[in-house]
Amino acid sequence: MTDDQTHKSRLTIDHEGLGIPAGAYALPTLGAVEHLGEDTHSRFAAHFAGELPLSALTDAETAFLREHFFDQFADRRQRALEYFGRNVPLRFRDAAPEEPATAWAKEVAADPHTARSVLLLGPTGTGKTHWAYGALRAVASAGAWVPWTAVTEADLYSRLRPRPGHDQEAEFQKIARTPLLFLDDLGAAKPSEWAEEVIYRLVNHRYDHCLPSLFASNLAPKGLADTLGARVASRLTQMCDRIAIKGEDRRLTKGQA
Ligand SMILES: Nc1ncnc2c1ncn2[C@@H]1O[C@H](COP(=O)(O)OP(=O)(O)O)[C@@H](O)[C@H]1O
Ligand SMILES: [Mg+2]
């Protein structure tokens, strides 16, 4: 194992055996393992190459690995929860995730590129935005350092409207490339050819690059293609797990501020 090899992703970590959550971790550097013994780094190299099981390592080596990875997990989790706290809108600051949001969050934490996206559908006031922020909190709790961006479709258009001295393509790219996107109120903004093109490019970027996204919409499932266009609707259908949020309009029944 050389210092160069420490970050190679083809090396495998026995998450289950070590009792650490699935996810990407940096391997220990040579310097960090020297004190464990002369053979440790070659044994670790064999272990991460899949040639030596965890059970063949010494107790001290296993304990070292567990702590090494767990420290990274705890550090990432803390940074992610702080990011959530700084960026969540006040109304949703206490949004707590429920199943299947927590299961989805674990998938994102384990590997954002293989996690499916989510399309939340339901009438207004049923809790779609709440669900999405709960899910973003769950992603942070699952120890994924994924700086997310949340934007409504209407705000997206406002941010991308051409105006002097503003590079709207750079702004588009920033949003399109965000590691985790929450696009809220999809299909609620006034339709136009320009708007349809923006949504198409955005969804297509997320689709092509396997970037996880949360979409929320009041549209009936049948209305997706009519409002968003067939190209967008077909991509959403393939890339998303569709979750129906049911119930009454909570804004009418809860008497909240
Ligand atoms: N599971 C929930 N528990 C408690 N309050 C909720 C829950 N879901 C939604 N709410 C509250 O109900 C209101 C409507 O929810 P919201 O997520 O804005 O609905 P939608 O996005 O579907 O229009 C908000 O005030 C929100 O805080
Ligand atoms: Mg909403």
Side-chain angles (χ1 to χ4, degrees), residues 80-108 115-142 146-161 175-176 178-192 195-196 198-199 202-203 206 211-229 232-233 235-237 239-257:
L81 284 169
E82 281 168 9
Y83 182 91
F84 179 83
R86 278 198 308 278
N87 291 285
V88 63
L90 198 56
R91 180 167 304 280
F92 300 104
R93 70 189 186 282
D94 296 326
E98 285 163 25
E99 285 299 343
T102 37
W104 177 75
K106 280 190 193 130
E107 281 173 34
V108 173
R116 286 175 62 69
S117 290
V118 170
L119 174 60
L120 300 164
L121 295 179
T124 191
T126 48
K128 299 180 295 298
T129 303
H130 179 102
W131 196 105
Y133 280 109
L136 291 173
R137 180 203 295 285
V139 170
S141 298
V146 190
W148 45 266
T149 300
V151 67
T152 64
E153 189 191 357
D155 281 345
L156 174 73
Y157 297 149
S158 159
R159 281 167 70 169
L160 299 180
R161 200 167 296 137
I175 297 168
T178 193
L180 177 56
L181 175 70
F182 169 32
L183 181 59
D184 202 1
D185 287 331
L186 191 58
K190 215 165 151 232
S192 72
E196 192 178 320
V198 168
I199 291 299
L202 183 60
V203 170
R206 310 297 297 175
L211 290 166
S213 314
L214 289 158
F215 302 97
S217 178
N218 289 344
L219 293 171
K222 285 196 292 274
L224 286 172
D226 288 346
T227 309
L228 305 172
V232 170
R235 282 166 179 76
L236 289 179
T237 301
M239 71 201 270
C240 293
D241 283 336
R242 197 180 281 190
I243 294 179
I245 311 284
K246 298 189 176 121
E248 300 293 308
D249 183 343
R250 290 172 176 265
R251 296 196 191 97
L252 300 179
T253 54
K254 282 225 150 174
Q256 296 175 343

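All ligand and atom numbering here is 1-based and tracks the order in the structure. One is the number of the first residue; the rest follow in order along the sequence. Side-chain atoms are counted along with the backbone in the values below, which use heavy atoms only and exclude waters and symmetry mates.
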CG-OG distance between L181 and S213, expressed to the nearest 0.5 angstrom:
5.0 Å
Look at ligand 1 and say whether G122 reaches it with a heavy atom at a distance under 4.0 Å.
no
Sub-4.0 Å heavy-atom approach of Y133 to ligand 1
no
Atoms of ligand 1, numbered as shown, that sit under 4.0 Å from any heavy atom of [X]:
| X | result |
| --- | --- |
| G127 | 8 (N), 9 (C), 15 (O), 16 (P), 17 (O), 19 (O), 20 (P), 22 (O) |
| R91 | 25 (O) |
| T124 | 23 (O) |

Does the side chain of [Y] come within less than 4.5 Å of [X]'s, by heavy atoms?
| X | Y | result |
| --- | --- | --- |
| S117 | R206 | no |
| L186 | L236 | yes |
| P212 | W148 | no |

Of R159, R161, E153, the residue whose pairing with Y157 passes side chain to side chain donor-acceptor pair (under 3.5 Å):
E153
If the cut-off is 2.8 Å, does any N/O/S atom of T152 fall short of it from the Mg ion (ligand 2)?
no
Would you kindly specify which portion of F92 sits under 4.0 Å from ligand 1, judged on non-hydrogen atoms: side chain, backbone, both or neither?
side chain
Ring geometry between F92 and Y133 (parallel below 30°, tilted from 30 to 60°, perpendicular above 60°):
parallel
Kindly give the heavy-atom pair with the smallest separation between T237 and R116, and that separation in Å.
O-NH2, 4.2 Å
N/O to N/O below 3.5 Å, does that happen between T129 and ligand 1?
yes
Closest to atom 6 (C) of ligand 1 by heavy-atom distance, out of H130, R251, K128, is H130
